[in-house]
Structure formats: structure tokens, C-alpha cells
Amino acid sequence: MGETFVQKVFSKKVGKKVVHGEIVVVEPDYVMSHDNAAPISKIFAKFGVDKVKYPDRIVIILDHTVPAPTEVEASNHKLIREFVKTQGIPNFYDINNGICHQVLPEKGYALPSKIILGSDSHTTTYGAFGAFSAGIGRTEVASIWATGELWMKVPEVHKFIIKGKLPEGVFAKDVALHIIGKIGADGATYKAVEFTGEVASEFSIASRMVLSNMAAEMGAKAGYFLPDEKTLEYVKDIAKADFEVLTSDEDAEYEKVLEFDVSSLTPQIAKPHTVDNVSPIDEVLGTKIHQGLIGTCTNGRLEDLEIAAKILKGRKVKSGVRCLVFAASMQEYIKALKNGIFEIFAESGCVIMNPGCGPCLGAHEGVLAPGEVAISTANRNFKGRMGSREAFIYLASPATVAASVIEGEITDPRKYLL
Amino acid sequence: MPGIIKGRVWKYGDGVNTDVIYPGKYTYKNLTPEEMASHALEDLDPEFSKNVKKGDIIVAGKNFGMGSSREQAVTSLKYAGISAIIAKSFSRIYFRNAINQGIPAIESPEAVDAIENGETIEIDFKQGEIKTSKGTFKFPPFPEKMLEILEAGGLVNYTRKKLGKD
Ligand code: SF4
């Protein structure tokens with residue numbers, strides 16, 4: 001019997017053959033935290049050690065509330081800046097870089113076969129680069145800072161074969177929502193999901209990141225793509241460390257294998273208030289909206305901004321509707337700025353914001369009032385997520401959001417694309 | 001973690017997510033434990049934080065704690081007095097967070113179906129049993145690593161011990 005990617009990564013890490021379900025102690029290659037590094041540093045202080053064990057394995061990115069909206073967040077940021085200085089942590093990225101899940105790959109930490117843990121549920125995103133990455137809690141991060149290690153269960157693997165040919169006007173986000181709608185928000189709880197099939201290999205890195213990011217919404221511990229030429233091309237000039245390319249054996253053992261044929265998929269929408277409350281777009285057409293959000297770690301990359309701009313070009317955001325645009329990182333922001341996309345957004349009446357999480361977590365920069373309806377490219381639509389608990393959030397692809405802000409109601413993007 | 005926990009039940013349904021347990025708008029507000037407790041479950045059950053008593057137990061359906069990795073979704077319940085959580089299933093990160101904060105998280109779909117809101121139940125960790133008004137339900141023992149963490153009272157104490165600080 002062959003081995004899965006997951007078994008190989010963990011076996012290599014602990015220096016002996018492991019089986020699915022086994023509990024092992026590992027030293028992760030990198031441990032990520034963001035604005036929550038401030039409370040984590042306070043937990044760290046409780047351990048009674050002065051110095052973090054491996055400063056260069058720690059990556060900290062300020063992104064959740066940037067620039068600081070109130071004195072509280074400003075003090076947190078200040079504390080983090082002082083902490084990285086006293087601890088000699090070299091991998092620190094201040095407020096001008098972007099969202100952690102975009103910045104960490106861009107800076108060359110998300111590499112094949114690395115184990116990366118982070119105090120954020122969407123740490124799964126680095127699976128798009130063939131890394132094993134999972135979200136953990138703050139105390140766990142503090143504990144890794146102190147000891148360099150953590151207990152983990154080697155998860156069983158579900159193989160998702162995405163096959164067929166994706167129709168025009170339908171995107172990775174629609175595939176992700178479709179899968180979540182089918183398997184449910186707990187469909188892959190505790191499991192690692194291996195995304196394969198012809199559609200998965202044809203996906204760009206940016207599109208793969210959408211699936212790996214949203215693996216968290218399937219309950220998965222990790223959601224990865226086996227590395228291929230696209231992965232190697234992405235990381236070749238930026239890799240921060242050497243890495244090995246590991247893949248699953250043909251005869252590896254999977255707990256479950258599911259096939260998703262996406263040849264006749266239409267744009268998908270997650271309705272309030274759970275991500276698995278998914279419908280094809282024609283069931284929600286005409287739902288009035290107040291705000292559109294294009295961005296976040298799910299869909300704030302150049303390919304997302306480009307498709308939204310293509311639809312918005314020469315058109316206007318409907319009066320009475322707000323549309324906020326957040327590039328996922330400064331790097332993507334600069335690309336969009338240089339190729340004229342921001343001009344299109346600005347002329348259409350969108351508000352272009354700084355790279356960062358924005359109102360995705362309801363903390364600042366465009367939160368919702370009671371009774372308001374938003375359509376967002378983010379990954380979560382829970383009650384209260386973007387501000388008021390009496391607001392309603394629909395999730396969709398960047399194309400669907402762009403088409404919807406033009407008409408002021410949920411609109412099929414294919415009418416602007418085909 | 002005591003060998004036996006006895007407490008009154010607050011029962012909820014499936015998919016209780018981290019945003020209703022502890023709203024995102026408070027996550028970067030550096031609240032005190034008492035303030036955190038006062039916001040626990042406020043978007044799901046405004047009565048909870050007003051009436052919860054020390055030792056009470058939460059019983060819930062599938063995928064309890066789905067969503068964000070925020071630990072306050074555990075700490076707010078812990079400071080509200082919750083001594084254990086029984087659910088049909090937990091989200092992965094929530095389960096880890098609960099263990100790491102020293103709160104036993106037990107999966108038992110049968111017990112959840114049997115338990116009524118407001119009743120008093122008993123959890124016996126040595127025997128791996130939940131005693132309810134409708135009978136006794138078994139649950140599998142915790143793996144050794146988790147027991148060590150629970151017995152230390154959470155990952156902070158466990159790590160201190162390991163670093164030789166206690
Ligand atoms: S953009 Fe939203 S989902 Fe992504 S890291 Fe930021 S808050 Fe989390």
C-alpha cells in the first residue's frame with residue numbers, strides 16, 4: 001500500500017513512518033500569526049522563558065485591523081513591533097504588506113512539503129503550494145514560540161477529484177461554494193483534503209488558493225494541491241528555504257474519494273448565515289444589496305480584480321450601493337495600479353481601500369448596519385461577521401459581485417461576460 | 001480537570017459558530033475575562049451570560065465552534081463558568097482550543113439527543129460516562145497527550161511544566 005502526501009510529510013518530519021490517525025509531536029517549519037501576535041505574546045509571557053526558541057521560524061504579518069482604527073489596536077500593533085525587536089524575529093511584515101495568507105506565499109514561505117501552522121483558520125491557504133498547513137489556536141502558537149513543537153494528529157485524507165471543463169463565467173470560487181454546499185460545513189472535519197483532477201491542475205495558483213482557503217469552510221484541517229510545474233514556477237525565485245517535492249502514491253489509501261464534475265456548473269451563491277447554504281445563482285437573482293466587497297484572502301488577487309474590472313469597465317456602481325475593493329496584498333495592489341484596473345474601479349464608483357482584511361471580520365473599514373445586505377468575495381457569512389448581527393451576507397465570485405453592484409441586486413455575471 | 005463534573009445543561013442546536021459564541025467585533029478589544037464572559041453567546045442566547053452558573057455544561061449539536069480560530073470562543077465560555085462541552089461533533093480548531101484551555105470537549109451524539117435543556121447531568125471521566133435523566137452514555141477515553149494537557153489545566157500549565165518552570 002502506497003502513502004499519501006500527508007503521511008510522507010509527517011513521516012519525514014518525525015523521522016519514522018506514521019499512519020493516519022496517529023498523534024505525533026512535530027516542529028513546524030513556520031508558525032504564522034497576525035494582529036493576534038499581541039495577545040499571543042501575553043500568553044508567551046506566562047511560560048516563564050525570555051526568548052522564543054526559533055526566531056526565524058516565526059512569521060508575523062499585521063493585516064486584520066490596518067491601519068489601526070482605534071487606540072486599542074494601535075497599542076496592540078505597537079506591542080508587536082516591540083516584541084519582534086526584542087525577540088530578534090526577522091520575518092515581520094508591517095501594515096503596508098497585505099493579508100497574511102497572501103503575503104506569506106509571496107515572501108516565499110509557502111513551499112512544498114513544509115509544515116506551516118498559524119493562529120488563523122484560513123492558514124489552510126498554503127496548501128495551494130503543496131505545503132501542509134493548518135490553523136491552530138493562540139495558546140498553541142505561544143507554546144510553539146516557547147518550545148518549537150506541538151502535538152498534532154496525522155489526519156486521514158479525502159481525495160476530491162474536480163473534473164470536466166469549467167464553463168465560461170464560472171470560477172474557482174463557484175467550485176469551492178459548490179463543494180461546500182454538497183458536503184456541508186463539517187463535511188471534511190479533522191481531515192486533509194487533496195484537490196486533484198483536470199480542473200484542479202488547470203487552475204492558476206490564485207485559483208488553487210481559493211480552494212485551499214475555503215477548505216477551512218469544509219471543516220478540513222488542511223486542503224492541498226500536489227505541487228506541479230505551476231507551483232515550482234511560482235516559488236522558484238522567492239523560496240526562503242530548500243524544499244522537497246512530495247506527492248501521493250498511486251495506490252495510497254484515502255478515507256474517501258469524491259468526484260465533482262463541474263462541466264455544467266453555474267455561478268454559485270452562499271446565502272446567509274452559513275457557508276454551506278449554497279444555491280445556484282438563479283434562485284437568488286434580484287436580491288437587493290447595499291454593499292459589495294471585492295477582496296479578502298479568498299479573492300483579492302490580480303486575477304480576481306481583473307475579472308471584476310472587466311465587468312465594471314465603462315459601467316457604474318448603482319446609486320445607493322457601495323462597492324469596496326481591497327487587494328489582498330501590496331504586491332497585487334501595485335500590479336492592479338500599473339495595469340489600469342484601479343482606474344476602472346475608481347471611475348465606476350468603487351472605493352479602493354488599502355490591502356488588508358478590511359470589513360471581512362467586522363472590525364472596521366466598511367461594516368454593515370442592521371438590515372443591510374452585502375455580497376462579498378470573502379469566505380464567511382456568519383451572523384454578525386461584517387458588523388451588525390442583523391445584516392445579511394451573500395458570498396460569491398468576484399465576477400458575481402461586480403455584476404451585482406452594477407444592478408444593485410444579485411446578478412448573473414455571465415450576462416456581462418458571454 | 002476533576003474526575004467527576006456535575007452541572008446544569010444549556011442546550012443548543014447544530015452549527016453553533018465562533019461568531020455567535022464570541023463576536024468578531026470584540027476579538028481585538030483586549031477585554032478582561034469578566035467582560036469576555038459577559039459577551040459569551042450573546043448573538044445566539046442573550047439569556048446565557050446573565051444566568052449561567054459556575055459548573056454549567058454546554059450541550060450542542062453538530063460542528064460546535066465552527067469558524068474562526070479565535071480562542072476567546074472558548075475562554076469566554078470558560079470564564080462564564082462552563083466546565084465541559086458535549087456536542088455531536090466539534091470543529092477541529094475549536095476542539096483543540098477547548099482541550100488547550102483545559103475544557104473537556106466530548107463527542108457523544110447519543111447523549112446529546114437524550115439530554116434536555118436545563119437538566120443536571122454528571123460526567124465521569126474515569127469511567128468515560130455521561131449520566132443523564134434518560135440513562136447513561138459511554139464516551140471513548142481521551143488520548144494520553146490530551147489527558148496530560150487537561151490534567152495540567154490547559155496548554156499553558158502543561159508547557160510551563162515541560163519547560164521546567166513549575
Ligand atoms: S481577509 Fe477575512 S478571512 Fe482572510 S485572513 Fe482576513 S479576516 Fe480572515
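The model shown is predicted, which means the values in this text are computed figures rather than measured ones. Lettering follows sequence order; numbering is per chain, from 1.
The contact between A:Thr139 and chain B is made by backbone and side chain atoms together, counting heavy-atom distances below 4.5 Å. There is no contact between A:Ala38 and chain B, counting heavy-atom distances below 4.5 Å. Contacts of A:Lys42 with chain B are made by side-chain atoms alone, with heavy-atom separations under 4.5 Å and no backbone atom involved. With a 4.5 angstrom heavy-atom cutoff, A:Val275 does not touch chain B via any of its atoms. For B:Ile149, the part sitting under 4.5 Å from any heavy atom of chain A is the side chain, from C-beta outward, and nothing else. Using a 4.5 Å cut-off between heavy atoms, A:Thr70 contacts chain B through its side chain alone, with no backbone atom that close. Proximity to chain B (any heavy atom under 4.5 Å) is restricted, for A:Leu150, to the side chain, taken from C-beta onward. The parts of A:Arg385 that come within reach of chain B are both its backbone and its side chain, each placing non-hydrogen atoms under 4.5 angstrom from that chain. Proximity to chain A (any heavy atom under 4.5 Å) is restricted, for B:Gln101, to the side chain, taken from C-beta onward. Both the backbone and the side chain of B:Asp43 come within less than 4.5 Å of a heavy atom in chain A. With a 4.5 Å cut-off on non-hydrogen atoms, B:Tyr158 does not touch chain A at all.
Side-chain contact between A:Asn36 and B:Arg70: absent, with no pair of heavy atoms (C-beta onward) separated by less than 4.5 Å. Put simply, the side chain of A:Trp151 reaches to within 4.5 Å of the side chain of B:Asn100, judged on heavy atoms. For the pair B:Lys162/A:Glu149, a side-chain contact is recorded, criterion being any heavy-atom separation below 4.5 Å from C-beta on.
Counting non-hydrogen atoms of other residues, nucleotides and ligands closer than 6.0 Å to NZ of B:Lys6 gives a total of 12 or fewer. Within 6.0 Å of the NZ atom in B:Lys134, the count of heavy atoms belonging to other residues, nucleotides or ligands exceeds 12. Within a 6.0 Å sphere centred on NZ of B:Lys62, heavy atoms belonging to other residues, nucleotides or ligands number 12 at most. The number of heavy-atom neighbours closer than 6.0 Å to NZ of A:Lys182, taken from other residues, nucleotides and ligands shown, is 12 or below.
Across every non-hydrogen atom of B:Arg92 and A:Tyr190, the tightest pair is CG-CD2, 3.4 Å. The shortest non-hydrogen separation linking B:Arg96 to A:Lys153 is NH1-N, 4.5 Å. The two residues A:Ile43 and B:Val156 make their nearest non-hydrogen contact at CG2-CG2, 3.7 Å. What you find for B:Glu71 and A:Glu140 is that their closest heavy atoms are OE2-N, 4.1 Å. Between A:Ser143 and B:Thr159, the closest heavy-atom pair is OG-OG1, 3.1 Å.
In this structure, A:Lys221 NZ and B:Ser91 OG are separated by 12.5 Å, a value rounded to the nearest 0.5 Å. The distance from atom CG of A:Asp186 to atom CE of B:Met66, rounded to the nearest 0.5 Å, is 8.5 Å. Taking CZ of A:Arg138 as the start and CG of B:Leu155 as the end, the distance is 14.5 Å to the nearest 0.5 Å. B:Asp19 contributes atom CG, which lies 12.0 Å from atom NZ of A:Lys383 (distance to the nearest 0.5 angstrom).
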Practice task
List the steps, then state whether side-chain contact (heavy atoms from CB on, under 4.5 Å) holds for B:Met146 with A:Ile23.
Solution key: CA-CA 10 Å; B:Met146 285 181 211; A:Ile23 289 191; 4.1 Å; yes

Problem - side-chain contact (heavy atoms from CB on, under 4.5 Å) between B:Leu163 and A:Phe47, intermediate numbers included - result: CA-CA 8 Å; B:Leu163 291 165; A:Phe47 294 143; 4.0 Å; yes

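The candidate with the highest count of non-hydrogen atom pairs below 4.5 Å against chain B, out of A:Ala185, A:Ala146, A:Gly219, A:Gly362, is A:Ala185.
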